[in-house]
Amino acid sequence: MSAMNAKASSGGEEEASVMRSETLGESGCLGEIKRGRAILAAYLIATLELTFLFMQMGVMPYLAKSLGLDSVGFGYLQTTFGVLQLVGGPIFGRFADQFGTQAALILSCVSGSAFFLLMSTSTSIPLLFLSRLPAVFMHGLPGAQKVITDLTTPSQRADALGKLGLCFGIGIIIGSALGGVLSTKFGIFVPVYFGLVGNLINIVIAMIWIPLQAKPMSDHHVMEHRTSQSGSVFSIREILRLMKLPGVMEVFIVKVFAGLPVGLFLIMFSIISMDFFGLEAVESGYLMSYFGVLQMVVQGLVVGKLTNNCTERTLLRLSVFVFASVGLGMALMKTVWHYCIIAVPLVFAFSTLVTITDSILTNTVPSSDTGTMLGICASVQPLTRTVGPTIGGFLYRQFGVSSFGYLQLIVNIALFVYLLKSKIPLREMKSQ
């Protein structure tokens, strides 16, 4: 019965997709052009936001140190940012569902502008902590995902969402490099000024090229009916309701736990790179750029083709199996060169898992709730950043680097067995 419901839902969305061009105010070829332009604008906004975010991440330790913040205080600062993003993700998604994608992206860009403005005026530790506050609504990537979800059919969705990984890779490479160059040559606040101006540019892009409401008109009427009864943007009950839909909780559990041990390792990587691998700051920067290039190659050349030729069930199991293999490699690695080799399947598993779970979850919930679901998905990374320093620090101090690998292996073997035995209602058809 669940499979029949999934097929019916998928068929309904495919039919509704015919009306998406009308949502943009046009029909036929011109409507398709506007839809493509809106998706490209979403990619551009995501790329710029991620670039500026990585720029500030590069200069933040130096800014904090110049204000007299020690390593413990800096940990609290990072945790504050993670908690705010964790809380804000589902709320931002609800906002997008109720007020439209354009309003949501503008909210994200305005919050980003306030974030960098407050950061540029941070002359004391309290002001630096205060500058984290707008991060609660800084969700440009989920906003871009929302645009893509609303403007693509279920069969196109995984491929289109996967291309956002290119934006992430570009953001890592350009943001990390540009932040270092600008802060070294022109001062520590210059990258922050770039972030402020860039977010203002993003506001203009969202106002011009992102449609007010990207949902098909039929979905929009359903949304109006639903949201009139669903309470405020801050309704916890509505968020929990989505988790009770068939298959949602099961897929979300896999999404959270499959990459959690590796996530803990990456949070501790700045320390591990110095203590375990013996890398200098410049060498760590090169390694980050290597990750960015891998992300671009995998997302641009591999994941899209896989989503067009494999079923959701196959890709979900594959990503978990590869994650288990990565865990074994991490448990046995001794040098940074070993890690560079392991990074290839690691990036593949991460990219595939994130893309396919986002696609599955947005296809599972009603189209009027895709924003909320994307907001919930966006909370996974902040959750890892929030609990990561404590759990990761304990594992590293007590059991060493290999503990992350063994934990990764055990968790993903358990998840793989769970996926083999579970009856999660997934689409068995391939994307066309």
Distance-only, no hydrogens or angles: does the [X] side chain make a donor-acceptor pair with backbone N or O of [Y] under 3.5 Å?
| X | Y | value |
| --- | --- | --- |
| Gln56 | Val192 | no |
| Ser319 | Leu316 | yes |
| Thr80 | Tyr76 | yes |
| Thr370 | Pro366 | no |
| Tyr396 | Met268 | no |
| Thr121 | Leu118 | yes |
| Thr314 | Cys310 | no |
| Glu49 | Ser108 | no |
| Thr352 | Ala349 | no |

Just how far is it from atom [atom1] of [X] to atom [atom2] of [Y], taken to the nearest 0.5 Å?
| X | Y | atom1 | atom2 | value |
| --- | --- | --- | --- | --- |
| Leu141 | Lys146 | CG | NZ | 14.5 Å |
| Arg94 | Gln98 | CZ | CD | 4.5 Å |
| Leu242 | Asp369 | CG | CG | 4.5 Å |
| Leu166 | Ser351 | CG | OG | 9.5 Å |
| Cys377 | Leu161 | SG | CG | 10.0 Å |
| Leu50 | Leu164 | CG | CG | 8.5 Å |

- Query: Between Phe276 and Phe269, does the ring centroid distance fall short of 6.0 Å?
  - Reply: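 No, the ring centres sit 6.0 Å or more apart.
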
Could you check if a side-chain atom of [X] sits within less than 4.5 angstrom of a side-chain atom of [Y], using non-hydrogen atoms only?
| X | Y | value |
| --- | --- | --- |
| Leu328 | Gln408 | no |
| Phe348 | Leu306 | yes |
| Val401 | Phe265 | yes |
| Leu40 | Arg37 | no |
| Ile106 | Cys109 | no |
| Lys163 | Ile148 | no |
| Ile272 | Phe404 | yes |
| Val254 | Leu353 | yes |

Heavy-atom closest contact ([X] atom, [Y] atom, distance):
| X | Y | result |
| --- | --- | --- |
| Val136 | His139 | O-NE2, 3.1 Å |
| Ala38 | Leu151 | CB-CD1, 3.7 Å |
| Pro261 | Val411 | CG-CG2, 4.3 Å |
| Leu130 | Pro134 | O-CD, 3.9 Å |
| Phe257 | Leu415 | C-CD1, 4.0 Å |
| Ala343 | Tyr290 | CB-CE2, 4.0 Å |

Please enumerate all residues that pass side chain to side chain donor-acceptor pair (under 3.5 Å) together with [X], with sequence neighbours excluded.
| X | answer |
| --- | --- |
| Lys255 | Thr357, Asp358 |
| Thr372 | Asp97 |
| Gln295 | none |

Residues two or more places apart in sequence or in another chain: which of them pass side chain to side chain contact (heavy atoms under 4.5 Å, CB included) with [X]?
| X | answer |
| --- | --- |
| Leu107 | Phe92, Phe95, Ser111, Phe137 |
| Ile342 | Val326, Met330, Met333 |
| Val248 | Met243, Leu245, Leu361, Thr364, Val365, Met373 |
| Ser325 | Phe321 |

For [X], give me all partners under ring-ring contact (aromatic ring centres under 6.0 Å, His included), at least two apart in sequence or on another chain.
| X | answer |
| --- | --- |
| Phe52 | none |
| Phe350 | Phe323 |
| Phe291 | Tyr339 |

- Message: If we count only N and O atoms by modelled type, under 3.5 Å, do the side chains of Ser379 and Gln85 hold a donor and an acceptor together?
- Response: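 There is no such pair (donor and acceptor under 3.5 Å, judged by atom type) between the side chains of Ser379 and Gln85.
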
Can I get a per-line list of side-chain donor-acceptor pairs under 3.5 Å for residues 197-211, giving both atom names and the distance, sequence neighbours left out?
residue : atom : partner : partner atom : Å
Asn199  : ND2  : Gly195  : O            : 2.8

- How far apart are the C-alpha atoms of Leu128 and Ser131, what are their side-chain angles, what is the distance that settles it, and do they pass the side chain to side chain contact (heavy atoms under 4.5 Å, CB included) test? CA-CA 5 Å; Leu128 189 61; Ser131 72; 4.2 Å; yes

- Decide side chain to side chain contact (heavy atoms under 4.5 Å, CB included) for Leu63 and Met119; before the verdict, give the C-alpha distance in whole Å, the side-chain angles of both, and the deciding distance to 0.1 Å. CA-CA 10 Å; Leu63 176 59; Met119 190 174 168; 3.9 Å; yes

- Query: With respect to Ile391, which candidate in Ile267, Leu264, Leu407 satisfies the side chain to side chain contact (heavy atoms under 4.5 Å, CB included) definition?
  - Reply: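 Option passing the side chain to side chain contact (heavy atoms under 4.5 Å, CB included) with Ile391: Leu264.
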
- Going through the distances and angles, do Phe129 and Leu77 end up as a side chain to side chain contact (heavy atoms under 4.5 Å, CB included)? CA-CA 6 Å; Phe129 273 87; Leu77 187 69; 3.9 Å; yes

- Query: Quick one: do Asp70 and Lys65 make a salt bridge, cutoff under 4.0 Å?
  - Reply: no

- Pairs where residues 185-207 contributes a residue and the test ring-ring contact (aromatic ring centres under 6.0 Å, His included) is met, not counting sequence neighbours: none

